[in-house]
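Inspection log for the structure reproduced underneath, given as structure tokens.
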Amino acid sequence: MEWRQAKWDEKLIFEYPSLKQSHIVIPFDEEFAHYKEKFLDKVMKRGIMRLNVDIPNLSEPIVVRHFVRLSQQSYGVDVGPVPLGSCTMKYNPKVCNEALRVLDIEEVHPEELDEYVQGLLEILYLLERWLAEITGMDKCSFQPPAGAAGEFAGALMIKKFHEDRGEHRDEMLIPDSAHGSNPASAAMAGFKIIKIPTSQYGTLDLEALKSVVSERTAGLMLTNPNTLGVFEDKILEIADIVHSAGGLLYYDGANLNGIIGIARPGDMGFDIVHLNLHKTFGAPHGGGGPGGGVVCAKGALVEYLPRPLIAFDGTKYYWDYECRRCIGIIRAYYGNIPALIRAFVYIAMLGPEGLREVAEVSVLNTNYFIKKLSKHQSVVGLTHDTFRPRKHETVLSASQLKKDTGVSAEDVSKRMLDYGIHAPMMYFPLIVDEALMIEFTECEPKFEIDRYVEVLSKTVTEAYRDSNKLKCAPMNTAISRLDLVRANHPKKLILSWKFKNEIKELQNELKHS
Amino acid sequence: MEWRQAKWDEKLIFEYPSLKQSHIVIPFDEEFAHYKEKFLDKVMKRGIMRLNVDIPNLSEPIVVRHFVRLSQQSYGVDVGPVPLGSCTMKYNPKVCNEALRVLDIEEVHPEELDEYVQGLLEILYLLERWLAEITGMDKCSFQPPAGAAGEFAGALMIKKFHEDRGEHRDEMLIPDSAHGSNPASAAMAGFKIIKIPTSQYGTLDLEALKSVVSERTAGLMLTNPNTLGVFEDKILEIADIVHSAGGLLYYDGANLNGIIGIARPGDMGFDIVHLNLHKTFGAPHGGGGPGGGVVCAKGALVEYLPRPLIAFDGTKYYWDYECRRCIGIIRAYYGNIPALIRAFVYIAMLGPEGLREVAEVSVLNTNYFIKKLSKHQSVVGLTHDTFRPRKHETVLSASQLKKDTGVSAEDVSKRMLDYGIHAPMMYFPLIVDEALMIEFTECEPKFEIDRYVEVLSKTVTEAYRDSNKLKCAPMNTAISRLDLVRANHPKKLILSWKFKNEIKELQNELKHS
Amino acid sequence: MPHYWIYNSDPEIKRSMLSELGINDTMELFKDVPENLILKKPLHVGFGRYLSEYEILRFLKMQREKILHPKIPPFTGIEMCIHFVPAVVKELMLRNEFYTAYTPYQPEINQGILQALFEYQSVMAELYGVEVVNASMYDGSTALAEAIRMAIRATRRRKIVIARSVSPIKRRVVETWTYGIGVSLHYIGWDENDGSVNMEELSGKLDADTAAVVVEVPNVFGVVEHRLYELAQEVHRIGGLLIVFANPLALGVIKPPGELGADIVVGEGQPLGLGLYYGGSTLGILGVRRDMNLIRQMPGKLVGMTRSYLGERGFALVLQTREQHIRRERATSNITTNSALNAIAALIYVTWLGGDGIRKLSLSIAARTEYLREKIRSVDRLQAPLFTDALYFMKIPIKFLNKDCETVSKELRRRGILCCSDLGRYDSELRNIATICVTEVHSKEDIDTLVDALKQVVM
Amino acid sequence: MPHYWIYNSDPEIKRSMLSELGINDTMELFKDVPENLILKKPLHVGFGRYLSEYEILRFLKMQREKILHPKIPPFTGIEMCIHFVPAVVKELMLRNEFYTAYTPYQPEINQGILQALFEYQSVMAELYGVEVVNASMYDGSTALAEAIRMAIRATRRRKIVIARSVSPIKRRVVETWTYGIGVSLHYIGWDENDGSVNMEELSGKLDADTAAVVVEVPNVFGVVEHRLYELAQEVHRIGGLLIVFANPLALGVIKPPGELGADIVVGEGQPLGLGLYYGGSTLGILGVRRDMNLIRQMPGKLVGMTRSYLGERGFALVLQTREQHIRRERATSNITTNSALNAIAALIYVTWLGGDGIRKLSLSIAARTEYLREKIRSVDRLQAPLFTDALYFMKIPIKFLNKDCETVSKELRRRGILCCSDLGRYDSELRNIATICVTEVHSKEDIDTLVDALKQVVM
Ligand SMILES: Cc1ncc(COP(=O)(O)O)c(C=O)c1O
Ligand SMILES: Cc1ncc(COP(=O)(O)O)c(C=O)c1O
């Protein structure tokens, strides 16, 4: 029996028959009826009155169905495993949703005075202490709305730190295996990016590092375990090299799941750390966001953290806006509060033992998978030092498969979808040819990993037998393989309902195909 | 492009690989560790210790996925139209879910003292007043957990009423078109059921009624509009006939949607009324229940209502347990509170105008559908007086179709499922051959009714062209047509996981098919 | 007036539909309703106009302010005690496909609900030690009433022997449900030492007309009936049936009634992941051992496993000929709407716990009961616990010697503690007896707080 | 120690997995971590042990008691005002398939999210009067910062002219985001009569190095900039771009910026169905007119409509070569995680309202603003409203003449009213100026209560 995703030939909302009017009920509306004319007069006089908003008027039941149907054509961790490497798609505990409901802060305004939200501030204060402890940092700021924003904040902190000392350091060192947001963030802060190659062992090439550090080195951005899932075992030497040259160490916390509770970036020599609450701490990804970021710092760098910081004077919790050297604010108000509450609950539920279990099991899962897969087939496998254990994730290469059969990492991924299993992350990190990056997190049970091995192996076998099947995949998803060339073609690009002609053209094509 | 329901070859929970232990965390458990032994000693001594509960131990993420996948293979009003006649499957407003959250009564104990739940009692009091007003009754009891329980309560009230007057009345009159729960309820209260035929006009046969009323008549149970969707226009005469004979009139409120806000059972002469909050008042059906029932009474019958009744003494709301003639309690505590809150919110949101709109549009929808359908095809259509407007629902007969093609009402229904549309209620009421009973409620938009007409008409056409297609339907649902004969076969019956041998046998069959 | 829930209430849409019908006004569709029945004035309901969501929610928030929760979790509980409901249950119950569905009369499009109900039937069968449990009844009390009616049909006898230690609320429900059909209810007392059924009294009541004996485990006093096996033997000897009402959470640590000889098992599912909600809605559990005669007499829906014609495994409602929509006045019950969604909730909860988790939870509650039992002895002026030799689960019964129970509970409530409803309210023979209920939500500190308050109040 | 979220933490499962690996202890998988880095003591986090769900929720309920809500809905709002969130939005956002999904990099299995994001892009494009809106930014403030960086890239100029009437919080975010990359920010003031941009001052600042002019509608004072058209003309004459930050709810009654000449539109999506949640998370709206140069410079994700190879219509992420995961240091932004779920929430809200509903809602808010404007005049010792000739939407600015703004807001808060954050906190030139925000949640009575309280407090 085959899996099939739900398939609704669901209209766009614009294609639903719209009512002339909306019959929505607006609170207390009649009380102000008299004042509507007054306002309209004024707007009219200024010639800026809007007459029409071209969005359909429907009824509530129709709206509900539309989105329920769309949801059935989507796939998240609550549907099945989503072992996207680098994304730490772990289970989002339901108690965190309930926690948000229980706290009842939907209507709490960010400009509320501190003394009226002590219950909330205490939670944030505890969380801040916990995150500092977990990372081995002195202080954390909740400002960054996500990981990349944490990186940007960190890059600015590094920049300002050097400037304040009158040093001109404009080079940021970044491994070639790094996530794209690292160079992008550093570039946004005005740094020149110096790429450091990865050694055959899957770790930073120390000689290369030594050869580029200089008095222009502002810092090194690193994630450890790195994006190959390999722990940078020379991290203390690396830190030494960078620090000796006057540079700072930035830790990309996206991969913290591989060592949380076991080792701390602070102890490794990092000066600044960002965390992705939506990865390591179980906050949901929401189909892309919002997540939640945190940026932490040690020693002299604390002064540079974006403000405000949560503080406690022994009797009261409050926001500390004091900013002598800080980089300022990087977004309005305090942070992505719901993600912070979720992280608080997540840590509270697990405690020290649980967090350690998270790292242990996520690493166990990765290595079990690698071993099991290698027993089933040997075409798709590790690159770089195959004897080294991986941590939270692993990267396989389908390049042999591609050579043999013409089947690409993408084809393999698409075919896996047909089994009701989410595909790996494809083509990242860039240093691995035909990369398939897989991260189970601690949450996937053994039997799902076994099944993943089975499906991946079956797919490899199919590639040799009938590569066409993979090229045509997926067939069991709501829709079959999409034409991305057409999607990106500048003349055919359709970015909204306003691209009327292009849509008409597309519909014509569809009719004739 | 065809609709397809999601299809998961989802294991039973018992088929998942179980852990030896459960790692659930129980609150404050260690605090009491010491006392566990004490208890176990005592149980052991009495020889009644349980050693094993054979239910698998899984992890939370697995549990979540299991039920998400099951849900994707189900179909409710939030997925598409469910125009099951007699069920009033209307939209369940989301604000009612939110209302329950906001009220925060999950932990309110039914033995709480009245003075601590005044906020809740006030809501119930208002609701009681509103329902009395809507039905034209004097007083309502929230005791019945559903409609059928309301009928049973009503039947008991009728019984006790007559007994208290020393009258021996043991016959309950019930039309042949009535819902099965009516005779079942009356029988449970010990009544003999006298069936009244339906006239060619689709209404109660008055002559037949006259011919059976007697001094043994306890009452007449009626729904109006009736299950054909026809309004009993002679209702005042009917009431007269029954009352004159010393009988009482019971109103089955399941069909109230057809006249709510337009006419009231109380004004028609009914003495007792039950309401189905999960039909008329937008509470969800939950895949079968729980719903919520209410039973209301007029005049002398009020004394007989099940207790307690909600009351107000001018300053405080309270439960009135006083019971001189009441039939007692028919369930523990007060009622299905969540359904009551939902009904309160439903009525509050709509107010008098909205409730009337409910009836008007639900009736408009029915008649529009009948007209439209008759234009598209003439095989499947009304029985009984076709000139009479229908109210909330209508009953079509596929008997001509069956004669012509061998395709049954069931086949038509199954085929409709293939279009992602829920089938009508089949084979009810019993007085219509090959009945298809359809109720859109006020919530279905015109375009969905049009589509329903289209699909039903297409299905009829298919029946003549290729009846096999209908016999094999459905194909697009999670599973194809089920073998109900096997399902009910006494030797093959499988009612739980404990029917191990029968399950093994079935699995063997499946393997070989 | 058009409303945003009702698409076709839009004037233009209405007009187009009316014109299809060739009429001008919807009211023409009501021309068969006698003129004098048509309401002339708007109903006096709601707030007289359309409310916005915001307004109703703001109103409800005001009402919420007038619902005062006790400071620590309640200790009362004749029919139900407070229990914890995990977030998974609340979230998954609200899957739109589940909660907005009807009874799965079209099985092909509702396999999810059917499989879940089959799983529910299976886990409950396992818990209660029987083979068959139906797809839910309204609540425990009505399930018990139906079980008794079922026993009467199955045995064609008309006498029921009920332990007086069955909760008086349930007993009163049973009285209503057996009113006027010629059934006689006979009550038997309890053993003064251990609070369990008085076996001698029982033996005296059994005869050839006895359809069934009814006991509760733990009973209204929290006492675990520990002689079910003997009881079953006695009842069966005279050809009657044993009906056991059992708390599902007790069944993690004590042998299930089905295993000890019960013919019909009944329970209230509320402890399995359902909130209190001021008493409802809950979940009636009803099961029987595998006996076709009993199965055919069962009320309510049953889901069976079968196959599709194409050879897939599937689930469907079975044995519907027992039910009202087919058998009408000869149906085994009138029940139509049941508690399916709560059954699914209970299933989710049980699956979340796992079999071993249920055992652990049961034991944790039992341990608390032991703790309370020990602790309560320190309170003077109470007979506590009421029975010295009893095995208690979840509840400890106490008897007030110098004070009125109602007064005590009011006084406790004033101190933020909800405890000790007077059982005498439902059965005057039980006056000034109350039970204290402790569950997984109570910490040691909570229990200590209660006991300290009790000490002060009974002084 | 095993935990119920983590199946493989079970000792037996772990053992079997370890044995597959031929090792005895998971820690062997960490042998490459330098010994001295391995933590020797447990972390000092959480409550030192596993908590049950019940315990954490009970803890949070205690914390909730220490969150004191004002008696009537808040009137503050520099960056965000309180708005109503309908139940549909909350319920549908929590569809498991939506909220537990990752960014839809595999479009075939995530058509639902992609279609929803395409619809989001479309409704926002309609609201703002442009053709292209991306699939979301973090929030309004960072979206504005990115819009400015984008204008710099698109024009290759380095001067930005910002109205001082753009909210000071956003201005400070912009300062951070343009730090140290050689961009100069120039501020221009407002017209003392009508609170809109001072056009003369603006003209003086425009030159051939000007990348963009930035204004807000309604601006920090609640004033609707009504000369956008002229402004656009001026900016375009010197080859610069006009960036307009606009409140989406104002766009139901006033012409959208895109129609008046804005090149880049920006907004904060919180008014569209997102709770306040103490400031986050929200939704950054960012769009441009249809110009390939601008589109190629956009940050963030874009969803496009296309077809499958089998001829079905479908949706996918497009123009990804702009993004960090492909373009790395030359990407248009570093943004990765965005606010997709909030975008879907906003879409649901807008669909729920309908285009006409947005108009009605906007007008209802506008009417309240007019009411407040009239009412507030009765308060002495205030300059209220600050600008006599202005067109206000949602906010009325007031200036305290005899009292300190901070003192006033504290005093009001003591009376249960949250109002009047001092704008001077973020820009000292705005000291003792505050705005009062009124939205669809405020009744006449609420507004009257505020005004009465203000009267008493400023006395
Ligand atoms: C290794 C790595 N670093 C940084 C990021 C960026 O984090 P965010 O998506 O929270 O902005 C990611 C996210 O995918 C990542 O995988
Ligand atoms: C006409 C009619 N009467 C009574 C009932 C029984 O109501 P309930 O299902 O609430 O018990 C129904 C329910 O289907 C019905 O349609």
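Numbers restart at 1 for each chain; the letters A, B, ... are given by sequence-line order, proteins then strands.
If you measure heavy-atom distances from C:Ser141 to chain B, the contacts under 4.5 Å come from the side chain alone. The contact between B:Leu236 and chain C is made entirely by side chain atoms (from C-beta outward), counting heavy-atom distances below 4.5 Å. Heavy atoms closer than 4.5 Å to chain C are found in both the backbone and the side chain of B:Ile134. The part of B:Pro56 that comes within reach of chain C is its backbone (N, CA, C, O), which places non-hydrogen atoms under 4.5 angstrom from that chain. Residue C:Leu127 touches chain B through both its backbone and its side chain, counting heavy-atom pairs closer than 4.5 Å. In this structure, the portion of B:Phe14 lying under 4.5 Å from any heavy atom of chain C is its side chain and not its backbone. Heavy atoms closer than 4.5 Å to chain C are found nowhere in B:Ala339, neither backbone nor side chain. Contacts of C:Arg327 with chain B are absent, with no heavy-atom separation under 4.5 Å from either backbone or side chain. For chain B, the nearby part of C:His3 is the side chain; its heavy atoms alone come within less than 4.5 Å. With a 4.5 angstrom heavy-atom cutoff, C:His69 touches chain B only via side-chain atoms. Interface residue C:Phe59: only side-chain heavy atoms are found under 4.5 Å from chain B. For a residue to count as touching a neighbouring chain, one of its non-hydrogen atoms must lie under 4.5 Å from one of that chain's; by this rule C:Val88 touches chain B with the side chain only. Residue C:Asp139 touches chain B through its side chain alone, counting heavy-atom pairs closer than 4.5 Å. With a 4.5 Å cut-off on non-hydrogen atoms, B:Glu151 does not touch chain C at all. With a threshold of 4.5 angstrom between heavy atoms, C:Val224 approaches chain B through side-chain atoms but not through N, CA, C or O. Both the backbone and the side chain of C:Leu21 come within less than 4.5 Å of a heavy atom of chain B. When heavy atoms are compared at a cutoff of 4.5 Å, B:Gln118 approaches chain C by way of both its backbone and its side chain. Both the backbone and the side chain of B:Leu482 have a heavy atom closer than 4.5 Å to some heavy atom of chain C. Looking at C:Leu391, the atoms closer than 4.5 Å to chain B (heavy atoms on both sides) sit in the backbone and in the side chain alike. Both the backbone and the side chain of B:Ile329 come within contact range of chain C, judged by heavy atoms closer than 4.5 Å. In this structure, chain C has heavy atoms under 4.5 Å from both the backbone and the side chain of B:Asn365. Residue contact with chain B, scored on non-hydrogen atoms closer than 4.5 Å, involves the side chain of C:Ile295 exclusively. Heavy atoms of C:Met17 lying under 4.5 Å from chain B belong to its backbone as well as its side chain. Contacts between C:Leu92 and chain B at a heavy-atom distance below 4.5 Å involve the side chain alone, from C-beta outward.
The residues C:Glu108 and B:Arg481 are annotated as not salt-bridged, no charged nitrogen and carboxylate oxygen being separated by less than 4.0 angstrom. The pair B:Glu31-C:Arg368 does not count as a salt bridge, with every side-chain nitrogen at least 4.0 angstrom from each carboxylate oxygen. Salt-bridge formation is not detected for the pair C:Glu312/C:Arg307: no Lys NZ or Arg NE/NH1/NH2 atom is positioned less than 4.0 Å from an Asp or Glu carboxylate oxygen. For the pair B:Asp233 and C:Lys31, the salt-bridge criterion is not met [side-chain N within less than 4.0 Å of a carboxylate O]. A salt bridge does not link C:Glu20 with C:Lys14: every distance from a Lys NZ or Arg NE/NH1/NH2 to an Asp or Glu carboxylate oxygen is 4.0 Å or more. Ion pair B:Glu509/B:Arg486 flagged as a salt bridge, since at least one NZ, NE, NH1 or NH2 atom sits closer than 4.0 Å to an Asp/Glu carboxylate oxygen. C:Lys66 and B:Glu122 are joined by a salt bridge, as a carboxylate oxygen and a charged side-chain nitrogen come within less than 4.0 angstrom of each other.
A donor-acceptor contact shorter than 3.5 Å is absent between the side chain of C:Ser364 and the backbone of C:Lys360.
Of the listed residues (B:Ala189, B:Ala263, B:Gly190), the one with the most heavy-atom contacts under 4.5 Å to chain C is B:Ala263.
For B:Tyr334 and C:Tyr278, the gap between ring centers is short of 6.0 Å. You'll find the ring centres of C:His442 and B:Phe32 outside the 6.0 Å limit. Taking the six-membered ring for Trp and the full ring otherwise, C:Tyr102 and B:His422 have centroids separated by 6.0 Å or more. C:Trp177 has its ring centre less than 6.0 Å from the ring centre of B:Phe152.
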